[in-house]
**Student:** 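Got a structure for you, questions after.
Just so you know, these numbers use all the heavy atoms, side chains as well, and skip hydrogens, waters and symmetry mates. Order of the sequence lines fixes the chain letters, A, B, ..., with proteins taken first and strands second; residue numbering starts at 1 for each chain. Worth saying up front: this structure is predicted, and the values here are computed from it rather than measured.
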There are 2 protein chains.
Amino acid sequence: MYRITELARQFGLSRSTLLYYDRVGLLSPSGRSGADYRLYSPADRARLETICAYRKAGLTIEDIRSLLAMEGDDTSEVLRRRLKELGEDIRDLQVKQRLLAGMLRITAAGGPHADMDKETWIAMLRAAGMDDAAMERWHVEFERRAPEAHHRFLISLGINETEALLIRKLSAGAGKGKEENRRTDVFQP
Amino acid sequence: MYRITELARQFGLSRSTLLYYDRVGLLSPSGRSGADYRLYSPADRARLETICAYRKAGLTIEDIRSLLAMEGDDTSEVLRRRLKELGEDIRDLQVKQRLLAGMLRITAAGGPHADMDKETWIAMLRAAGMDDAAMERWHVEFERRAPEAHHRFLISLGINETEALLIRKLSAGAGKGKEENRRTDVFQP
DNA sequence: GCTAAACCGTGAAGCGGTAGTCGGGTCAAC
DNA sequence: GTTGACCCGACTACCGCTTCACGGTTTAGC
């Protein structure tokens with residue numbers, strides 16, 4: 001059995017937080033001491049562990065309550081909804097980033113890579129010693145191992161859909177040894 | 001002169017919001033009608049326009065107050081600070097995305113690289129002909145040109161916060177020519 | 001046995017940035 | 001003079017806690 005501050009410290013929480021969880025009925029200690037102190041059992045501890053995991057994913061208290069209530073039946077719907085929300089929240093923040101960057105007249109921070117664009121990326125690889133042929137091998141390898149990630153990556157550099165598909169097609173073709181498809185200029189236009 | 005609800009609607013705000021702005025002294029109407037109604041002048045309107053622009057960038061009321069107080073002298077510091085905060089907030093959300101995706105056993109749809117991990121990435125660069133030294137030069141270059149994007153990139157490969165910060169620190173140090181920091185094993189452990 | 005520190009309890013208030021609601025006053029049109 | 005749209009100030013609610021206040025309990029050392 002753990003006392004409140006002891007348990008709180010185990011999870012990096014404050015005593016107040018556990019008091020709050022008790023008040024809202026999310027986690028109530030299963031016992032009390034003679035002096036009416038809260039006593040948490042190992043089962044309570046396990047429940048708190050789950051709660052913390054969900055909280056770290058940004059789920060609301062209400063969401064967590066319902067997740068704990070339905071005991072692993074169909075948790076996925078709530079989680080999926082939260083995942084969607086997160087995506088929207090991130091996009092909102094990215095919009096704000098762009099607005100602010102505009103005010104500062106900084107190169108607009110756009111996609112997932114924000115201040116990264118095709119030119120910067122290529123310059124970096126070149127600085128590391130890659131030449132055109134190496135970059136082509138790299139695209140081929142990327143397309144072979146993770147075509148979807150390859151696509152997302154190209155988009156994140158600000159390359160448009162059409163051009164991204166073209167690059168991928170050439171990478172796929174080159175991987176099969178078709179010599180006539182050698183057009184390194186597409187990779188570094 | 002505009003009345004409160006009229007002005008609120010022009011900016012897609014609620015009446016309550018303008019009442020609040022008045023209460024906290026962010027935007028007070030320059031006049032009152034005979035019936036003590038708030039009357040906003042065109043100058044008030046212009047001020048509100050600025051306020052809305054800043055709010056859309058997610059600045060706090062306090063930030064906006066100080067920005068308006070110093071009348072365009074050195075706004076950039078506050079804005080830059082907010083931009084940094086936004087980057088951190090986005091990273092926090094992306095961490096949550098990954099945690100949730102893990103719970104759903106989905107290949108993280110959130111990160112820019114999704115089904116990409118550190119091992120695959122390194123294998124790809126090696127296949128393209130990069131050696132350890134080249135990879136280190138690349139990290140150094142990445143850190144120098146786009147530190148935030150570098151961080152996001154490392155996180156997207158599934159590298160944890162602590163290790164990402166370590167790699168960046170070493171990259172930054174190596175960029176300044178500190179030979180004793182040469183520890184390529186950190187980049188490919 | 002005494003004291004001090006560290007713990008425990010309860011209850012209330014506060015944070016930000018609104019949204020909404022209340023009872024009552026004001027205005028223009030019919 | 002009445003209807004209905006608008007306005008007023010003041011209030012409450014939201015989330016996930018945190019902080020404060022005040023008093024009782026446990027623990028350690030002397």
**Student:** Would you say A:Arg23 and A:Leu19 make side-chain contact, with heavy atoms under 4.5 Å?
**Tutor:**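 Sidechains of A:Leu19 and A:Arg23: no contact.
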**Student:** Report the distance from atom CD1 of A:Ile4 to atom C1' of D:dT18, rounded to the nearest whole Å.
**Tutor:**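 The answer, rounded to whole Å, is 14 Å.
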**Student:** Report, one pair per line, the protein and nucleotides 11-14 of chain D atoms (nitrogen or oxygen only) whose separation is under 3.5 Å.
**Tutor:**
none

**Student:** What's touching nucleotides 15-17 of chain C from the protein side, N or O pairs under 3.5 Å?
**Tutor:**
| from | atom 1 | to | atom 2 | distance (Å) |
| --- | --- | --- | --- | --- |
| C:dG17 | O3' | B:Arg55 | NH1 | 3.4 |

**Student:** So, do B:Leu26 and B:Tyr20 sit near enough that their side-chain heavy atoms are less than 4.5 Å apart?
**Tutor:**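 Answer no - side chains too far apart.
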**Student:** Measure CZ/A:Arg82 against C1'/D:dC15 and give the value in whole Å, please.
**Tutor:**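 Interatomic distance, CZ of A:Arg82 to C1' of D:dC15: 13 Å.
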**Student:** According to a 4.5 Å side-chain heavy-atom criterion applied to Ile, Leu, Val, Met, Phe, Trp and Tyr, with indirect links allowed, do B:Leu67 and B:Leu48 form part of one hydrophobic cluster?
**Tutor:** yes
**Student:** Starting from C1' on D:dC6, measure out to CG on B:Leu7 and report it in whole angstrom.
**Tutor:**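 Interatomic distance, CG of B:Leu7 to C1' of D:dC6: 16 Å.
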**Student:** Should A:Leu59 and A:Met70 be counted in the same cluster of Ile, Leu, Val, Met, Phe, Trp and Tyr side chains packed under 4.5 Å apart?
**Tutor:** yes
**Student:** Does a side-chain N-to-carboxylate-O contact under 4.0 Å join B:Glu62 and B:Arg65?
**Tutor:** yes
**Student:** Quick one, B:Arg55 with B:Phe11, criterion side chain to side chain contact (heavy atoms under 4.5 Å, CB included). Give me CA distance, side-chain angles, the key distance, then yes/no.
**Tutor:** CA-CA 12 Å; B:Arg55 281 264 56 200; B:Phe11 288 88; over 6 Å; no
**Student:** Compare all side-chain heavy atoms of A:Leu18 with those of A:Pro29 and state whether any distance is below 4.5 angstrom.
**Tutor:**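 When only atoms from C-beta onward are counted, A:Pro29 and A:Leu18 do not touch, as no gap falls below 4.5 Å.
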**Student:** Return the residues of residues 27-53 of chain A meeting this criterion: a heavy atom under 4.0 Å from some atom of DNA chain D. Order them by number, or give none.
**Tutor:**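 Result for residues 27-53 of chain A: A:Ala35, A:Tyr37, sorted by number.
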**Student:** Is the shortest heavy-atom distance from the side chain of A:Asp63 to the side chain of A:Arg81 under 4.5 Å?
**Tutor:** yes
**Student:** Taking the basic N atoms (NZ, or NE/NH1/NH2) and the acidic carboxylate oxygens, is any pair closer than 4.0 Å for B:Glu88 and B:Arg91?
**Tutor:**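 Result for this pair is no, no salt bridge flagged.
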**Student:** Considering only heavy atoms from C-beta outward, does the side chain of A:Leu39 approach that of A:Arg3 to under 4.5 Å?
**Tutor:**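 Touching, per the 4.5 Å side-chain cut-off.
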**Student:** Classify the nucleic acid contact of B:Arg9 as base, sugar-phosphate or nothing, counting any heavy atom under 4.0 Å across all strands shown.
**Tutor:** nothing
**Student:** Looking at A:Arg3, I'd like to know whether one of its side-chain N or O atoms comes within less than 4.0 Å of OP1 or OP2 on D:dT26.
**Tutor:** no
**Student:** Quick one, B:Ile64 and B:Leu68 - any side-chain contact, counting heavy atoms below 4.5 Å?
**Tutor:** yes
**Student:** Could you tell me the separation between the CG atom of A:Leu18 and the C1' atom of C:dT10, rounded to a whole number of Å?
**Tutor:** 16 Å
**Student:** To the nearest Å, how far apart are A:Leu19 CG and D:dC20 C1'?
**Tutor:** 13 Å
**Student:** Check every strand shown and say whether B:Ser14 touches a base, only sugar-phosphate, or nothing at a heavy-atom separation below 4.0 Å.
**Tutor:**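 Sugar-phosphate, no base atom in range.
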